[in-house]
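Here is the structure we will look at, set down as C-alpha cells.
These figures come from a predicted structure and were not determined experimentally. The chains referred to below are lettered A, B, ... by the order of the sequence lines, with proteins before strands, and numbering in each begins at 1.
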Amino acid sequence: MDQWFGYMGKILRADLSECKITKEPLRKDMAKSYIGCTGYAVRILWEELKPGIDPLGPENKVVFSTGPLTGTLCPGSGSYEICFKSPLTGIWAEARSGGVFGPKMKFSGFDFIVLEGKSEEPVYLWVCDGEAEIRDAKHLWGKTVSEVTDIILKEIDSPEASVACIGPAGEKLVKAAAVVNDYYRVAARCSPGAVLGSKNLEAVAVQGTKDILVAEPERFTEAVIRAEEVALKNPFREFWKALGTPGLLELNNAAGSLPTKHGYTTYFDSADKISGATLNSKYLVKREACFGCPFGCGRLTEVKHGPYSVPPHGGPEYETMCMLGSFCSHDNLEAIIKANYLCNNYGLDTISVGNVIAFTMECYERGLLTASDIGGKLEWGDSEGILALIEKIARREGIGDMLAEGVRSAAIKIGKGASELAMQIKGLEVPAKDPRGEARTMALQFALAPRGACHMHPNWPSAWDSSKFDDGLKPFGLPPPADKFAETGVGKGLAYKLMSLHGTICEIMGTCIFYVWGFEGSCLTPKNYAEIFSTLTGWHMDQFELMKAAERVWNLKRCFNVREGISREEDRLPKRFFEPVATGPAKGQAVKNLDGMLDEYYESSGWDTGTGVPTRKKLEELGLQDIADQLEKLKHPN
Amino acid sequence: MKALITFPERCTSCQICELYCSLKHFNVLSPARSRISVVRRFNTPVVCVQCHLCLNSCPHEFVSKDNKTGAVIISEECSGCGTCLNLCPYGAIKIDPTTKKALVCDLCGGDPECVSRCPEDALAYLDPDKAAYHKRVAFAKLSSRR
C-alpha cells in the first residue's frame, strides 16, 4: 500500500440513502494538482455533481475537507472546510471552521468525508480510528447544538471526540443554517446546515489516535520553528491575544469602516459600548485557541446575571458583534452575547441572520413591512426584537419563514423596491465589511469571492491597500500599496489576484488565513507554506509551483460557478455601496468604478473581460484542458 | 535537578506542546502519543510531576527513575498492563496506541521540548527553589479557592 506523509491517504464516503460506508484511497495525482481541502474538494464536486441539481435534493454532496497541514505544526492548523453546492446561493460553497474537529478528523484516519444521498430517518455519522458507522438520531431531532453534542459524546463513550452538528435551524432547512463543531466553532456561511438537514444527517462525530507521518522530520521541525518564530513577530499577534477579533470593532470604527445601520453609515456612535475592550473588561472568562494556533484569538465569555445571562461560551466574534450590533444600530453588548449564544445553539450563521434582521429593520422604518407583518414593532437597536427574530428564523415561525429563505428571496417577496435595499451578492448576505470606508480591494473581494459576498474567502485583501502590508508577495510582483480609496490605474486588480491566491494557499493547505498578513519576516508567505508542505510530504514544491496550484483551484471554483450560470453579470455589489457613506471618518466615500477595477482584475487573471469566464488559454496553462472542454460542451451541446 | 512546572492560567489549549512531543520522540504528529496532554475544557496542560508514586508499582519492575533528571523511565519491555496508569493520581501516564506500552514524560533527557516551544509560556523547567515557589502559589490558590 502507498505510504502517505502529511495526508492520511483515505477518503470516507457515506451513502445515506443506502446506509453504506466505503473507504477510498486518496489520489496522488489529484493531491499534487489541487493539494487538499477546498482544492481537492472542488475537483470531487466538479466531477460528481451534475450542473443545475437541487442543493437540497439527495443528489447534492457535502465534503468535509482537511488539508495536508491540518493537525500539524504549521501555525493555524486547526481548520477544516465544508464544501457543497449552496441552497442559499445555488453556487459553489465553502464554510470554514476552527476548533479541533478538523485535526481530530485527520487523526481518525481520513482527509475527506463525502456525504451523499438522503437518509429516510434522522441519523448521525460516528468515525473513529479508520472505521465509521451510521447511527440513529431520531432522539436528537429538535434538540439544540449543545444538547446534541452532549448526548452524542455520552453515547459514543468517547469524551475526547469532536462533534460537528446542525441544530433546529438546519433541520428546518433554514438557509442561514450552520454546522457547529465543539459547541461553538461554526462553519456558518452558505447554509451547510440546511444541506445536512435535507439529508437527515444530524451530526458527524470524529475521534482518532492515528499518526500524521512526517517525511523529513528534521527539516520539517526547522521549517515549522521558523514559521512559528515568524508568527510570534506578526504585527497582529499582540492584538489577537489581547482583544481577539472583537478588537476590530473599535479599530474599524475609528477608521470609518464599521458597517452600521444596514450600511447607511460606517461609523457607530455607541461603538465603545460594544467594543472588544468592553467585552474583555466585563465578560471575558478566558482565551481559547484553535488546535495548533499560537495566536489564540478565540475567547470564552459569560454574562453572569440579568435577562441576557449566558453560561461560559465561545465568542462573540467581530462579525457577530457588528452584524447583530452596529449593523442593527444595536448597542446592548449583553444582548449581543445572548444573540450569539442563541444562534450557536440553534445552528445559525450570525452574519446572515444579522444582515437579514437589519434589512427587516430598514423595511419597517420605510413602511415596507408593518408591525403586524413582523409580529411586533422593530425599531433600530431593539434588543428584544432581535432576539425574537432569531427565534422566529430558527423555527420558521411567522415572518421568520420568509426571512429563513435569505435576504435576496425575502426582498423579492416583499417587492416595492426592497431588492434595492438587500445587502447581498450572488445571494449571500454581505458580512461586516464595507468597501467604501475600508479599502477598494474589498469591493473586488465582495464581487469576486467564489461563494458570494465574503470578506475572508480566500483572503482579506485590504491588508495591502488599507494596512499597507506586502504579505511577503513581492517575489510575485505585488505592486506597491496604493491609496485605499484609489480604484483604477494603481494595480488593484493584480494585487487582489495575488492576495486571493495567497489566501487560497492557506485554504488548500487546511490552515487559518490569519497568518498571511504582515511583511516578509512577520507573516507566513508562500515560501513558508512550500517549505513546510515539502518537508512534511516529501514532495518538493517551490513557492511558485504552489501559487500555480492555488491558481488552478481558484479557476476551477470559478468554472464550477460558470457551470451554474455565473458570469460577469453577477460580479456586482449592492446599490448601497455606490451611495456615499452618511457620517464618520469615511463620510462621502462611495465605490465609483467597479467595472474598471473588474476589467483590471480579469485582465491580470486571464479571464475574458466580456464574460468573466477564464479563457481556454488560462485553463490550459493551468492544466485544466478537460475543464475548458467540458465548459465548451455545455455552451455548445452539439 | 530541575522540575517541569505548568501555568494553567496561561494555557490556551493550542496543543502545540503535544505535537512537538510526539514529533521529537516518534517523528510523527500525534496528540494521542504525546507525553503531555492538554485538557481542553479546562485549558490545562497535564504532565508527570515526578512524584514517583509509580516507581515501585510495576509488577515486572519495568518502571525506574533517571538519576540525572529524576524523570520516570518505562522500559522497552513494558507489557502495557496499566498498573502504573492506575496508580498515577494525575492521569499523566497513557498507553501508546501504536506500541501499546506505557507513555510518560521523560523530560527529553533534561531539555524538555514542550517548554521551549510553548507560545504562551505556560510551561517552565525550573531549579528546585523556583519550582517550589510556583508550587506554593498553586497550592495556595487551591487552598484558598481563589
Side-chain angles (χ1 to χ4, degrees), chain A residues 5-6 68-78 98-100 103-104 106-108 129 153 159-160 162 182-183 207-218 220-221 224-225 228-229 231-232 237 240-241 244 285-300 312 536, chain B residues 6-46 80 85 91 94-103 108 111-123 141 146:
Chain A
F5 295 96
L69 301 190
T70 303
T72 73
L73 275 167
C74 177
S77 72
V100 294
K104 294 239 172 194
K106 266 183 88 171
F107 298 131
S108 83
D129 275 332
L153 287 176
E160 291 184 283
S162 174
D182 308 307
Y183 293 94
Q207 168 64 356
T209 58
K210 291 192 179 286
D211 297 340
I212 297 175
L213 303 183
V214 181
E216 298 164 24
E218 273 178 34
F220 173 78
T221 306
V224 291
I225 287 178
E228 195 182 305
E229 282 167 359
L232 297 185
R237 194 210 178 206
W240 295 135
K241 269 183 81 168
V285 179
K286 208 179 176 197
R287 288 168 61 214
E288 190 179 87
C290 294
F291 187 94
C293 181
F295 281 173
C297 69
R299 35 217 59 220
L300 287 180
L536 174 68
Chain B
T6 65
F7 297 94
E9 66 278 10
R10 295 181 193 165
C11 175
T12 62
S13 285
C14 71
Q15 298 178 260
I16 287 173
C17 53
E18 298 178 354
L19 292 176
Y20 273 110
C21 182
S22 62
L23 182 62
K24 174 143 183 174
H25 290 91
F26 299 114
N27 282 337
V28 300
L29 299 162
S30 173
R33 301 181 72 189
S34 166
R35 295 143 196 265
I36 181 166
S37 306
V38 175
V39 182
R40 267 197 90 83
R41 284 190 123 181
F42 298 93
N43 290 6
T44 298
V46 174
L85 274 72
K94 307 199 255 200
I95 297 290
D96 181 326
T98 303
T99 65
K100 313 290 180 203
K101 297 180 196 301
L103 202 57
C108 294
D111 181 18
E113 183 82 353
C114 55
V115 171
S116 48
R117 304 297 357 147
C118 174
E120 300 291 338
D121 296 323
L123 303 167
K141 272 188 193 162
R146 270 196 291 135

Pick from [options]: which one has the most heavy-atom pairs with chain B under 4.5 Å?
options                      : result
A:Phe295, A:Tyr183, A:Phe5   : A:Tyr183
A:Leu536, A:Asp211, A:Leu300 : A:Asp211
A:Leu232, A:Asp129, A:Thr221 : A:Thr221

Testing the basics here: between [X] and [Y], what is the closest heavy-atom pair and its distance to 0.1 Å?
X        : Y        : answer
B:Tyr20  : A:Ile225 : OH-CG1, 3.4 Å
A:Val214 : B:Val28  : CG2-CA, 4.3 Å
A:Cys293 : B:Cys14  : O-CB, 3.4 Å
A:Lys286 : B:Pro8   : NZ-O, 3.1 Å
B:Leu19  : A:Gly71  : CD2-O, 3.7 Å

Write out, in numerical order, the residues from residues 39-46 of chain B with a heavy atom short of 4.5 Å from a heavy atom in chain A.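 So far as heavy atoms go, B:Arg40, B:Arg41, B:Phe42, B:Asn43 are the residues that approach chain A to under 4.5 Å.
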B:Ser22 portion near chain A, given a 4.5 angstrom heavy-atom threshold: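 The answer is neither part of B:Ser22.
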So for B:Leu23, is it side chain, backbone, both, or neither that comes closer than 4.5 Å to the heavy atoms of chain A?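 Only the side chain of B:Leu23 comes within 4.5 Å of chain A.
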Going through the distances and angles, do B:Arg117 and A:Leu73 end up as a side chain to side chain contact (heavy atoms under 4.5 Å, CB included)? CA-CA 11 Å; B:Arg117 304 297 357 147; A:Leu73 275 167; over 6 Å; no
With chain A as the partner, which of B:Cys118, B:Cys11, B:Pro31 has the greatest number of non-hydrogen pairs under 4.5 Å?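 Highest number of heavy-atom pairs under 4.5 Å: B:Pro31.
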